[in-house]
Protein chains: 2
Amino acid sequence: MALDADEIAGTLAARGLRLTRQRHAVLDAVAEASSSVSPVQVFDAARERCPELGLTTVYRTLELLSEIGALRRVHGPDHCEAFMPAGAAHGHTVVCSACGRVAEFTECDMGAVVDAAVLQTGYRITEHFLQLSGECPTCGARTGQARGAAGGGA
Amino acid sequence: MALDADEIAGTLAARGLRLTRQRHAVLDAVAEASSSVSPVQVFDAARERCPELGLTTVYRTLELLSEIGALRRVHGPDHCEAFMPAGAAHGHTVVCSACGRVAEFTECDMGAVVDAAVLQTGYRITEHFLQLSGECPTCGARTGQARGAAGGGA
DNA sequence: ACACAACTGAAAACGGTTTTCACTTTCAGA
DNA sequence: TCTGAAAGTGAAAACCGTTTTCAGTTGTGT
Ligand SMILES: [Mn+2]
Ligand SMILES: [Mn+2]
Ligand SMILES: [Zn+2]
Ligand SMILES: [Zn+2]
């Protein structure tokens, strides 16, 4: 995932904040991860570039980077606090239940579902949180599952 | 919400488990709540019928009742562990961002979205977790918001 | 050089959840 | 009816992820 460091540095600067070495390390750690990562995972990864990094700073940075929109919070039924780079477009995520790898997709036509919800509940819907899970291509191949059709599920 | 105690007792019995006074109190506490409830909220409510109830038991019971499908786990971007009675039909939930009240709805035509995800990611999708949020009718009226159209959002 | 705000890590505090443990209840079988 | 095993329980302790505190450092503008 992209995550242009210069652009992020700019966004921070506009608020009088800086992209420090520690923050940069955190940013890279998330950017390089092939799946969503927990704060400790970020900590471990980022420490290899920045050994003096503290876990406190990781938490603070993940929070900060989410605020400015550089990172996206991902949380499924299980782990509730994980992060991934925020893609350019609004998207949803699919988590592999076997290996945890996360992929983004951009389809966002929730119109029908949202309409039904409005009709049935009377709520005014302003946000939706959707997360699919299943098996990534790699894990699917390893376990020899048939590929193709989409399951119904939960 | 219904939550037929006898039926649940039966399901438990089939596993050699019992619907004790404490479990019954927990069950009722969730059933009577107008919104999703956290473990402590259940604890407080259930204690009025069963004063000697311990928080440990509440946790154990919520877990157990979720396992047998009597309760549904609800978690939004914020609070991650809350419970509500599982309706008969498969459904999704809408949480009011103002008051926390939860409503269920049954539309589940995720076909198009899932297809798009499969196409874009190559994952085999087996489950989906969808949670909408917005404003319930009561809160909407109180804040005088226009009603009707459904928002896009995250 | 100076002042000031941003930033940091270690340690402590915190809060929700799980585990441990000694004890009670329930129930099936002798 | 006794008896033993398994289910169930609450208090207390342990656990674990997160947040707060605090004293010190780094960077920036003047
Ligand atoms: Mn969650
Ligand atoms: Mn569904
Ligand atoms: Zn996988
Ligand atoms: Zn409301």
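The figures that follow rest on heavy atoms only: side chains count, while hydrogens, waters and symmetry mates do not. Order of the sequence lines fixes the chain letters, A, B, ..., with proteins taken first and strands second; residue numbering starts at 1 for each chain.
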In Å and rounded to the nearest 0.5 Å, what is the [atom1] to [atom2] distance from [X] to [Y]?
X	Y	atom1	atom2	value
B:T11	B:E67	OG1	CD	13.0 Å
A:F83	A:S36	CZ	OG	10.0 Å
B:I8	B:L71	CD1	CG	7.0 Å

Starting at the 5' end of DNA chain C and moving along, which residue's nearest nucleotide shows up first, B:R18 or B:P39?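 This one resolves to B:P39.
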
Closer to the 5' end of DNA chain C via nearest nucleotide, is it A:L64 or A:L55?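 Looking at the nearest nucleotide for each, A:L64 comes out on the 5' side.
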
Distance test, side-chain N/O of A:T20 to OP1/OP2 of C:dT8, below 4.0 Å: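 For C:dT8, OP1 or OP2 has a side-chain N or O of A:T20 closer than 4.0 Å.
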
So, does B:R23 get its side chain near the phosphate of D:dG8, meaning an N or O under 4.0 Å from OP1 or OP2?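 The answer is yes; a side-chain N or O of B:R23 sits under 4.0 Å from OP1 or OP2.
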
Using whole Å, report how far [atom1] of [X] lies from [atom2] of [N].
X	N	atom1	atom2	answer
B:L19	C:dT25	CG	P	18 Å
A:E63	D:dG17	CD	C1'	15 Å
B:R60	C:dC21	CZ	C1'	11 Å
B:E81	C:dT18	CD	C1'	13 Å
B:F43	C:dG16	CZ	P	13 Å
B:Q22	C:dC23	CD	C1'	14 Å
A:R21	C:dA6	CZ	C1'	15 Å

What's the closest nucleotide to the A:Y59 side chain, out of C:dA6, C:dT19, D:dG17?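 Closest nucleotide among those given: D:dG17.
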
Is a salt bridge present between A:E52 and A:R47, judged by a nitrogen-to-oxygen distance below 4.0 Å?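 Between A:R47 and A:E52 there is no salt bridge, as every charged N stays at least 4.0 Å from the carboxylate O atoms.
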
For B:L17 and B:R47, take the nucleotide of DNA chain D holding the closest heavy atom to each; which residue's nucleotide lies nearer the 5' end?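 With B:L17 and B:R47 compared, the 5'-side residue is B:L17.
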
